[in-house]
Protein chains: 6
Amino acid sequence: MAMFDLSLDKLREYRPEVAAPADLVDFWRRSIEKARTEDLSASFTAVDNKLAVIDTYDVSYAGFGGAPVKGWLHVPAGTTGPLPTVVQYHGYSGGRGFAHATTLWAQAGYAHFVMDTRGQGYSSGGLSGTPDASPYAGLNHTPGFMTAGITDPETYYYRRVYIDAVRALDAVRTSPLVDPDKIIVTGGSQGGGISIAAAGLAPLAGIDLLGCAPDVPFLCHFQRALEITDKDPYGEIARYLKGFRHDVDAALNTLSYFDGVNLGRLATAPALFSVALMDPICPPSTVFAAYNHYGNAQKDIEVYHYNTHEGGQTYQDVAQLDWFAQIFGAAAQK
Amino acid sequence: MAMFDLSLDKLREYRPEVAAPADLVDFWRRSIEKARTEDLSASFTAVDNKLAVIDTYDVSYAGFGGAPVKGWLHVPAGTTGPLPTVVQYHGYSGGRGFAHATTLWAQAGYAHFVMDTRGQGYSSGGLSGTPDASPYAGLNHTPGFMTAGITDPETYYYRRVYIDAVRALDAVRTSPLVDPDKIIVTGGSQGGGISIAAAGLAPLAGIDLLGCAPDVPFLCHFQRALEITDKDPYGEIARYLKGFRHDVDAALNTLSYFDGVNLGRLATAPALFSVALMDPICPPSTVFAAYNHYGNAQKDIEVYHYNTHEGGQTYQDVAQLDWFAQIFGAAAQK
Amino acid sequence: MAMFDLSLDKLREYRPEVAAPADLVDFWRRSIEKARTEDLSASFTAVDNKLAVIDTYDVSYAGFGGAPVKGWLHVPAGTTGPLPTVVQYHGYSGGRGFAHATTLWAQAGYAHFVMDTRGQGYSSGGLSGTPDASPYAGLNHTPGFMTAGITDPETYYYRRVYIDAVRALDAVRTSPLVDPDKIIVTGGSQGGGISIAAAGLAPLAGIDLLGCAPDVPFLCHFQRALEITDKDPYGEIARYLKGFRHDVDAALNTLSYFDGVNLGRLATAPALFSVALMDPICPPSTVFAAYNHYGNAQKDIEVYHYNTHEGGQTYQDVAQLDWFAQIFGAAAQK
Amino acid sequence: MAMFDLSLDKLREYRPEVAAPADLVDFWRRSIEKARTEDLSASFTAVDNKLAVIDTYDVSYAGFGGAPVKGWLHVPAGTTGPLPTVVQYHGYSGGRGFAHATTLWAQAGYAHFVMDTRGQGYSSGGLSGTPDASPYAGLNHTPGFMTAGITDPETYYYRRVYIDAVRALDAVRTSPLVDPDKIIVTGGSQGGGISIAAAGLAPLAGIDLLGCAPDVPFLCHFQRALEITDKDPYGEIARYLKGFRHDVDAALNTLSYFDGVNLGRLATAPALFSVALMDPICPPSTVFAAYNHYGNAQKDIEVYHYNTHEGGQTYQDVAQLDWFAQIFGAAAQK
Amino acid sequence: MAMFDLSLDKLREYRPEVAAPADLVDFWRRSIEKARTEDLSASFTAVDNKLAVIDTYDVSYAGFGGAPVKGWLHVPAGTTGPLPTVVQYHGYSGGRGFAHATTLWAQAGYAHFVMDTRGQGYSSGGLSGTPDASPYAGLNHTPGFMTAGITDPETYYYRRVYIDAVRALDAVRTSPLVDPDKIIVTGGSQGGGISIAAAGLAPLAGIDLLGCAPDVPFLCHFQRALEITDKDPYGEIARYLKGFRHDVDAALNTLSYFDGVNLGRLATAPALFSVALMDPICPPSTVFAAYNHYGNAQKDIEVYHYNTHEGGQTYQDVAQLDWFAQIFGAAAQK
Amino acid sequence: MAMFDLSLDKLREYRPEVAAPADLVDFWRRSIEKARTEDLSASFTAVDNKLAVIDTYDVSYAGFGGAPVKGWLHVPAGTTGPLPTVVQYHGYSGGRGFAHATTLWAQAGYAHFVMDTRGQGYSSGGLSGTPDASPYAGLNHTPGFMTAGITDPETYYYRRVYIDAVRALDAVRTSPLVDPDKIIVTGGSQGGGISIAAAGLAPLAGIDLLGCAPDVPFLCHFQRALEITDKDPYGEIARYLKGFRHDVDAALNTLSYFDGVNLGRLATAPALFSVALMDPICPPSTVFAAYNHYGNAQKDIEVYHYNTHEGGQTYQDVAQLDWFAQIFGAAAQK
């Protein structure tokens with residue numbers, strides 16, 4: 001994949017006009033409030049992760065609509081907390097999988113929460129297992145999750161996922177292992193998009209996050225994405241509109257409520273983004289659109305010139321290990 | 001696509017052992033009975049199809065679980081019936097679309113019913129619009145419809161679709177335009193698989209069909225299909241099992257309830273199949289497995305040597321026009 | 001296929017300079033006159049199309065060079081005419097096929113003529129069967145029809161096809177089923193390109209058409225097409241020039257006589273175009289080049305944003321059903 | 001391309017039954033006789049090939065139907081002859097190109113004739129320029145030359161090509177530069193298939209060839225080729241039969257007249273074949289079918305294990321340089 | 001990728017004859033002895049891995065030819081040892097990367113050593129950095145490492161790698177953190193092939209391993225691999241032989257010294273293999289060939305039916321976590 | 001491949017700023033001087049090339065580092081010289097192969113030298129056989145030759161190749177068959193890039209070349225190439241930087257010493273370039289960058305509009321045959 005998008009110089013200045021719906025904040029405030037009418041039912045049960053240096057807890061809490069969402073909470077073995085905490089959302093298709101599988105931030109000494117993405121998890125298998133328990137899950141759609149309920153923000157799949165992400169914050173903050181004032185959200189691809197959404201919705205939910213670290217984030221600047229790439233998962237939307245040609249306006253209107261450009265504008269936490277200049281899945285202009293519009297000026301972006309959607313991988317781990325240490329360290333000194 | 005499956009000589013003799021679950025008939029009898037506890041609510045409303053020689057009715061009836069399923073009923077303009085009737089099921093991704101779109105059997109002088117496939121319809125667009133209104137639609141699955149609820153026959157997507165297909169027969173038989181004793185079911189690919197299922201379940205539902213005409217049918221001999229092709233939609237199942245490796249046995253058990261080999265064995269109506277020897281979507285050995293096990297010895301199969309999944313197309317139209325005329329003609333003489 | 005061509009805003013303004021040969025009109029006037037020196041030999045023979053509501057006639061008439069061209073004429077069963085008439089040309093590779101196969105406009109109440117494209121028909125099979133009976137058919141060329149005789153307008157394949165298309169108008173107008181003053185030409189892809197050619201040549205032939213409805217038309221703005229896409233059939237030309245590198249100028253000169261941009265300029269009938277913004281076969285800029293230069297200001301274009309070469313399909317049927325009804329209705333009131 | 005065909009052990013024993021038409025010899029004897037009723041009109045005109053050590057003559061002679069076929073005759077500069085001679089036929093798409101382009105056998109000290117393949121030449125460009133001047137060239141066909149006139153041996157494209165190949169022998173034997181009793185025919189791919197045909201037809205034409213050296217020959221055992229590969233050019237035939245489904249028997253009957261298995265059986269000259277075990281264009285079983293049935297027991301085959309359709313390339317040059325030297329040397333000693 | 005290799009039933013019985021060179025043991029005994037004439041120069045330097053619960057040491061030791069090979073040694077933070085130890089070799093293209101990147105076995109409580117593969121490491125980047133310091137590295141080869149020096153066992157690339165792997169055992173056994181009698185070797189793909197080689201050579205080197213756990217191992221049954229797949233890295237060898245056609249015998253002879261089938265026969269440690277039935281990179285028959293010939297009857301193989309080269313991933317982690325715990329536990333009780 | 005790069009109008013004006021390292025000339029002067037400290041050891045041994053009209057000599061001389069580089073010297077049979085001479089470098093993967101394989105310029109009456117490219121030759125096979133005998137050949141790299149030693153100009157692979165090319169000039173000039181004052185360098189793709197390098201370095205080496213004829217040259221304007229194409233061999237570099245993300249600056253700095261834009265600026269001989277406008281391997285803007293910056297105003301470029309990396313092939317032969325004749329002719333008259 002050669003470079004097919006704007007040059008880096010232009011990307012750094014790229015601030016496209018992305019229309020936000022007039023009732024964006026109301027829509028989300030209402031969605032959060034409605035979700036919080038459900039009992040959170042957060043539970044944390046110790047499990048055998050087959051590891052010696054990490055303790056893991058099986059987590060369940062009420063997501064959008066009240067149905068249970070699953071996750072893991074990892075901490076250094078024997079820790080009683082409260083710890084600075086990293087909340088991680090998954091990339092498209094992923095899930096929490098087995099208890100030993102994703103422990104980086106616990107290895108680094110933090111509490112590390114990973115959330116199942118409802119309906120997905122098929123690429124991780126294992127103990128991924130959070131259905132999209134919603135009457136809207138079966139609305140006519142193209143294969144995948146991108147278009148279920150896409151003609152109305154009320155019924156759209158990501159309404160449920162983003163609220164799950166906010167409720168995950170509610171849930172982990174009830175754990176004695178977690179310092180509720182020291183939370184960073186992170187994730188790659190879809191997990192990056194959800195991180196931005198969580199960072200944008202956290203203020204509406206009355207939660208102060210310490211940081212937001214989206215890697216090669218998905219779910220940003222949909223309209224451009226649909227024009228510049230045909231790769232999945234964005235491609236699922238184009239395929240829907242290829243058949244349901246009369247739904248173009250309704251779908252684009254719905255997506256504007258979920259666009260990382262619009263939600264990131266609402267964010268107040270410092271941010272560390274990453275982007276890959278040859279990424280055909282999450283094209284760099286869509287990432288920079290979100291980055292440049294992101295709501296806190298204390299932000300930085302790691303640029304990987306010759307990478308596609310894998311982005312920085314262990315290089316970005318290093319960048320994040322340093323940045324998280326600095327963020328948590330600064331918070332500890334206050 | 002060169003010929004990748006068995007030779008025609010071997011295909012004609014191919015009768016693989018496909019295990020049928022002990023409670024196959026019970027499962028389906030129970031499913032039909034349960035569906036029939038719902039009010040059928042069949043309605044037929046004339047619509048403007050923009051055509052001069054065909055009249056079309058917008059049909060709705062209660063499918064599995066009671067939620068409405070949509071369809072079209074086409075007849076020669078001005079007909080009052082009752083007419084010999086062709087019930088057509090769609091290929092994967094298709095839907096009823098616009099009212100003018102699929103009228104061949106009405107042009108031939110019959111009543112022609114086309115049924116929406118729940119949740120699908122995205123390749124047809126138009127007025128396709130039957131959601132999969134089920135609490136199981138959002139169970140963890142790979143993109144597509146093939147794996148939703150696949151670990152249990154009770155929750156599997158095609159349980160709902162096959163029952164919709166039986167209830168479609170219940171519904172059209174209430175119309176004065178339809179001669180309830182003169183019905184042929186047909187369809188290509190997924191529609192062929194549903195046709196076989198409908199022909200197999202009709203006896204359990206107390207319905208005598210005059211014929212079953214599946215073209216390049218899908219949903220037959222799943223286990224072999226998963227081994228011999230990686231093309232979608234069968235490929236969706238392989239992708240599910242690639243992640244959820246521990247679900248192999250459960251999934252294969254579920255599929256045995258829905259396999260055209262097992263359901264076709266129950267069928268009593270004469271049949272006209274078609275098969276394409278270079279078809280990587282519905283490999284010929286999976287089609288011949290269903291054909292050779294099909295329950296009525298009055299059967300024939302059109303073989304297209306150099307075709308892939310498109311099969312016979314207009315050549316098969318001709319074969320069916322002749323066969324349907326013969327079947328309906330013979331029935332008229334009784 | 002993401003959007004790879006100009007943005008819709010730019011497409012609407014796109015009026016490239018496409019040089020027309022000085023003798024364009026002479027060349028075609030001479031070609032028509034020469035063809036009309038042949039006896040038309042139009043014949044219409046009723047055939048059994050296996051349909052109840054449509055009557056079909058096997059048509060033959062003398063095309064370019066006098067050899068017979070085949071077609072079907074469909075009308076509502078029992079009609080005696082004269083009827084408003086739709087003349088349809090086929091997409092590349094297509095042919096008239098079987099008599100039951102393509103009847104939409106007859107279903108809508110019109111006379112519907114479909115013309116074989118000489119030498120082609122291999123994707124339709126059936127009764128497609130009009131050879132390219134020309135001494136130039138065997139001139140050195142790349143596989144396909146696009147380059148046969150391409151170094152000289154006199155010998156180029158599409159000279160014969162375009163004249164066949166004009167002679168088809170001559171032929172159908174001799175039928176008592178056809179109202180010779182109420183003809184619309186239409187077709188998709190190659191059929192769209194031939195429609196534009198027929199609309200441009202009709203005035204030179206003294207024929208007043210009521211409308212021209214090209215869908216995702218091919219054969220327009222060749223030079224840009226050769227630069228912006230490598231997909232067939234345009235790709236056949238690029239492959240020819242890849243080998244016969246010294247024929248570039250001669251080939252481009254020849255193509256200028258057949259370019260829908262130049263021929264559409266000569267058209268006088270109202271038009272309804274369609275275009276798909278992700279179409280790599282007939283890129284949108286080549287379609288808009290023809291549309292924006294088209295000779296009658298009473299024109300419109302349906303734009304399909306997320307479609308590739310399939311274009312509008314049944315959505316465009318609806319648009320055409322409405323537009324044809326309006327055109328024929330207005331003509332009936334005169 | 002991994003090995004997809006039979007193992008080498010099985011290939012060496014592979015002698016499939018390939019039915020030869022009863023009138024095979026009559027058909028070809030009649031075709032040769034008819035061609036010889038035309039005046040041969042062989043001409044040899046010296047041209048500037050821009051080379052110092054090779055002289056080249058522009059050759060023209062009457063091919064099938066009497067129309068001119070072009071070629072080059074190369075000899076070592078200053079030669080007056082008569083020389084042992086190599087007649088080379090081209091691979092599909094090729095042509096004689098420029099006069100300097102293909103001179104290997106003249107460099108080796110022989111007369112070297114290269115024949116244009118009618119209608120083709122587009123991959124060589126240059127001075128390739130022999131049209132397929134036949135009324136059958138425009139019969140309905142798929143893109144390419146493989147299916148033009150395929151429903152009847154009389155009209156099939158390769159009837160004209162094979163006769164051109166025999167008449168090329170007639171033509172070169174009239175040149176004082178050529179020793180008419182010392183001719184080897186050779187070529188790769190299509191050129192290999194034509195070589196076999198020439199070797200099979202030469203006895204019917206009363207010509208004694210010294211050798212036949214087909215490399216990775218095409219045009220052998222069509223029926224198996226159509227089943228085992230979908231690559232072009234064999235794929236052109238499958239595509240024709242994909243549309244014209246009712247022409248399967250007629251096409252296979254026609255091909256039996258042109259099959260290298262059947263024509264090679266008639267050959268009497270010694271042979272050196274080559275084959276590549278990973279060749280998807282000319283699968284090894286089709287080559288071994290022709291080799292094992294070839295009519296002279298004095299034969300050998302070079303086997304390239306890890307090659308695809310490129311075969312032996314310069315390795316095969318070496319094998320042929322040695323074999324030709326031996327053949328011509330032995331003949332000189334008689 | 002559908003199943004393209006033998007059925008599971010046949011795989012379980014698949015014991016192909018794979019010729020071992022007469023001097024196989026001598027060759028390797030000599031190679032080990034020669035390597036051990038070099039000073040081992042093993043060093044272990046603590047580094048900052050940015051993790052709280054794992055300590056990491058930068059390891060260097062003399063590999064084949066005496067040049068330094070790099071690796072990491074991870075242990076639970078604060079451990080002083082000696083610990084049961086897992087030695088991991090990398091897949092093709094991989095390297096040790098950053099110090100935080102691969103720590104699973106240290107998280108499980110063991111010492112965990114990862115070895116750089118000389119010359120490779122480009123897919124991991126980071127601190128991968130062990131050149132193939134050999135005069136033979138530049139011998140003519142196809143892109144990649146598979147064919148460097150392939151015409152002679154003395155010069156072949158994997159001679160150096162396999163000896164590096166043995167010397168890695170020598171090196172880690174010098175560390176006080178490592179219990180020299182409790183070592184399991186493991187790795188995926190190339191790392192699996194090296195594991196088998198290490199297990200086969202360890203007895204020659206006087207080292208008793210407790211276990212060998214190769215996942216979807218590469219470097220097994222080369223001859224079949226070259227026939228059944230064209231995917232890299234095996235494909236590199238086929239590409240070499242495609243050009244250097246005269247080197248087939250020499251190359252296959254060389255490979256027989258490095259074949260996991262032959263080296264695994266020499267192994268004495270218990271083994272846990274894994275295999276994926278749709279793996280086109282390391283086809284299942286090549287894996288089962290090594291497994292069925294493996295030298296210790298105390299062996300098992302995890303079979304993943306619907307997976308390609310990713311194999312079991314976290315599922316195999318679980319299987320290995322359990323098996324390693326059992327092996328190390330049993331050893332602790334002795 | 002459609003046209004994906006700049007338009008021809010813009011290409012003709014395209015003179016990008018490509019930074020040359022300050023010590024570019026010093027680096028190369030030093031490299032040449034160092035190489036010339038080695039004994040040239042040029043040898044010319046007559047071999048049997050199996051051809052009658054060409055004599056061939058097996059050439060060996062000391063390349064970079066003193067290790068032998070192989071080549072062929074072809075001349076018209078019986079020539080004693082001295083002759084005008086064409087020195088040809090190979091495309092990536094190629095080598096001298098067999099002695100009969102590449103003789104065009106000897107056929108044209110000149111001495112024709114072809115040089116092996118160290119380490120490569122795998123696509124030619126035969127007698128290609130010059131290892132890259134360097135301690136740097138095994139430095140960590142991606143498969144292929146493009147990245148071996150790329151972090152330092154001293155260790156980079158092409159330093160050795162370019163010096164081999166200069167030493168080839170030294171070597172051939174010692175032969176009595178060669179007129180040392182009448183040498184043209186040429187080659188396609190990599191051979192074109194090496195030709196430009198040779199033409200740029202010749203003045204530093206005190207050699208006056210008569211001409212430089214690079215076809216579709218590679219190794220020019222690396223930075224743009226890495227952005228505009230992902231095809232190999234440029235793609236090898238991008239893959240290296242995809243893993244070794246921290247090496248971007250070092251690699252680009254190294255490449256600036258080897259860039260045909262910078263080296264061509266130093267050239268003083270007249271030049272004939274060629275370029276193909278649809279070439280994805282050596283994109284036209286990278287070729288024009290070198291052409292427009294080339295150091296002698298007496299230059300021309302053949303433009304092939306519809307070609308990909310094959311470029312002009314025999315058409316370019318003709319252009320070069322004419323241009324070489326003119327150059328050598330003019331030199332002969334001095």
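Please read all numbers here as calculations on a predicted model, not as lab measurements. Chain identifiers are assigned alphabetically (A, B, ...) following the order of the sequence lines, protein sequences preceding nucleic acid strands; residue numbering begins at 1 within each chain.
Taken to the nearest 0.5 Å, the CG atom of F/Leu321 stands 9.0 Å off from the CG atom of D/Asn49.
For the residue pair D/Ser124 and F/Thr314, the shortest heavy atom distance occurs at O-OG1, 4.2 Å.
In this structure F/Phe288 satisfies the ring pair (Phe, Tyr, Trp, His ring centres under 6.0 Å) test with no other residue, sequence neighbours excluded. Listed by chain and residue number, nothing satisfies the ring pair (Phe, Tyr, Trp, His ring centres under 6.0 Å) test with F/Tyr61 (two or more places apart in sequence, or in another chain). For F/Tyr110, the ring pair (Phe, Tyr, Trp, His ring centres under 6.0 Å) partners at least two apart in sequence or on another chain are F/Phe328.
Between chain D and the options F/Ala325, F/Ala77, F/Gly109, F/Ala108, the largest number of non-hydrogen pairs under 4.5 Å is found for F/Ala108.
For a heavy-atom cut-off of 4.5 Å, chain F lies close to D/Phe98, D/His100, D/Ala101, D/Thr103, D/Leu104, D/Ala106, D/Gln107 in residues 91-107 of chain D.
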